[in-house]
Amino acid sequence: MMMPGNMQGMMKKVQKMQKQMQKDQEELNQTEFAGKASNDEVVVKFTGDKKMQDIAIKAEAIDPDDPDMLQDLIIMAVNDAMDQIDKKTQSTLGKYSQGMPRM
C-alpha cells in the first residue's frame with residue numbers, strides 16, 4: 001500500500017516533468033531544420049513542428065525540359081528535413097516516454 005505523501009511526491013515529479021517536456025517541445029518547434037538535395041540545388045527550411053518556412057531553388061535545378069528532376073529534388077530536400085526533425089524529436093522527447101508507465 002502506498003503512503004499518501006509518496007503519491008504527492010510522485011505527482012509533483014510528474015508535473016515537473018510535464019513542464020520540462022512542454023518547454024523542450026516549444027524549443028523544438030522553434031528550431032529551424034534545413035533539408036537539402038543534390039549539392040544544395042534545393043534547400044527547404046522547416047521548424048520543428050513541421051511547418052515550411054522557406055524554399056531556395058538554384059537556377060541549375062530548373063530545367064524546363066525536365067520538370068520531374070526539380071520535383072524529385074524538392075521531395076528529397078523535404079524528406080531530408082523531416083528525417084532531421086524526427087531524429088531530433090526522438091532524441092529530445094524520447095527520454096520522457098522511457099520513464100512513463102504504459103497505460
(Q) Gln90 vs Asp86, test: side chain to side chain donor-acceptor pair (under 3.5 Å). Steps then yes/no. (A) CA-CA 6 Å; Gln90 186 53 46; Asp86 288 343; over 6 Å; no

Q.
Just to verify, what does Asp40 make a salt bridge (Lys or Arg N to Asp or Glu O under 4.0 Å) with, not counting sequence neighbours?
A. none

**Q.** With Ile62, the side-chain contact (heavy atoms from CB on, under 4.5 Å) member among Val42, Leu70, Leu73
**A.** Leu70

(Q) Strictly distance-based, threshold 3.5 Å: is any side-chain N or O of Glu32 a donor or acceptor partner for the main-chain N or O of Gln30? (A) no

Q: Please name the pair of heavy atoms, one in Asp80 and one in Gly35, separated by the smallest distance, quoted to 0.1 Å.
A: OD2-CA, 3.4 Å

Q: Identify the heavy atoms of Ala61 and Ile57 that sit nearest to each other, and give their distance.
A: CB-CG2, 4.0 Å

Q: Work out which heavy atom in Ala37 is nearest to a heavy atom in Ala77; give both atom names and the distance.
A: CB-N, 3.8 Å

Q: For side-chain contact (heavy atoms from CB on, under 4.5 Å), just list the numbers for Thr31 and Thr47, CA-CA rounded to whole Å, side-chain angles, deciding distance to a tenth of an Å, and then say yes or no.
A: CA-CA 5 Å; Thr31 303; Thr47 48; over 6 Å; no

**Q.** Identified side-chain hydrogen bond (donor to acceptor under 3.5 Å, both in side chains) partner of Asn29 from the options Gln25, Glu27, Glu26
**A.** Gln25

Q) Taking everything shown except Lys58 itself, do over 12 heavy atoms lie less than 6.0 Å from its NZ? A) yes

Q) Looking only at atom types and distance, does a side-chain atom of Gln84 sit under 3.5 Å from a main-chain N or O of Ala34, one as donor and one as acceptor? A) yes

Q. Does the Asn39 side chain pair with the main chain of Glu41, one donor and one acceptor, at a distance under 3.5 Å?
A. no

Q) If you group Ile, Leu, Val, Met, Phe, Trp and Tyr by side-chain heavy-atom gaps below 4.5 Å, do Phe33 and Met52 land in one group? A) yes

Q) For Val44 and Ala81, which heavy atoms make the closest approach, and how far apart are they? A) CG2-CB, 4.2 Å

Q | Short side-chain to backbone donor-acceptor contact, Ser91 and Lys88, under 3.5 Å | A | yes

**Q.** Path from Met82 to Ile75 over hydrophobic side-chain contacts below 4.5 Å
**A.** no

Q: Tell me whether Ile55 is reachable from Val78 by hopping between hydrophobic residues (I, L, V, M, F, W, Y) whose side-chain heavy atoms are closer than 4.5 Å.
A: yes

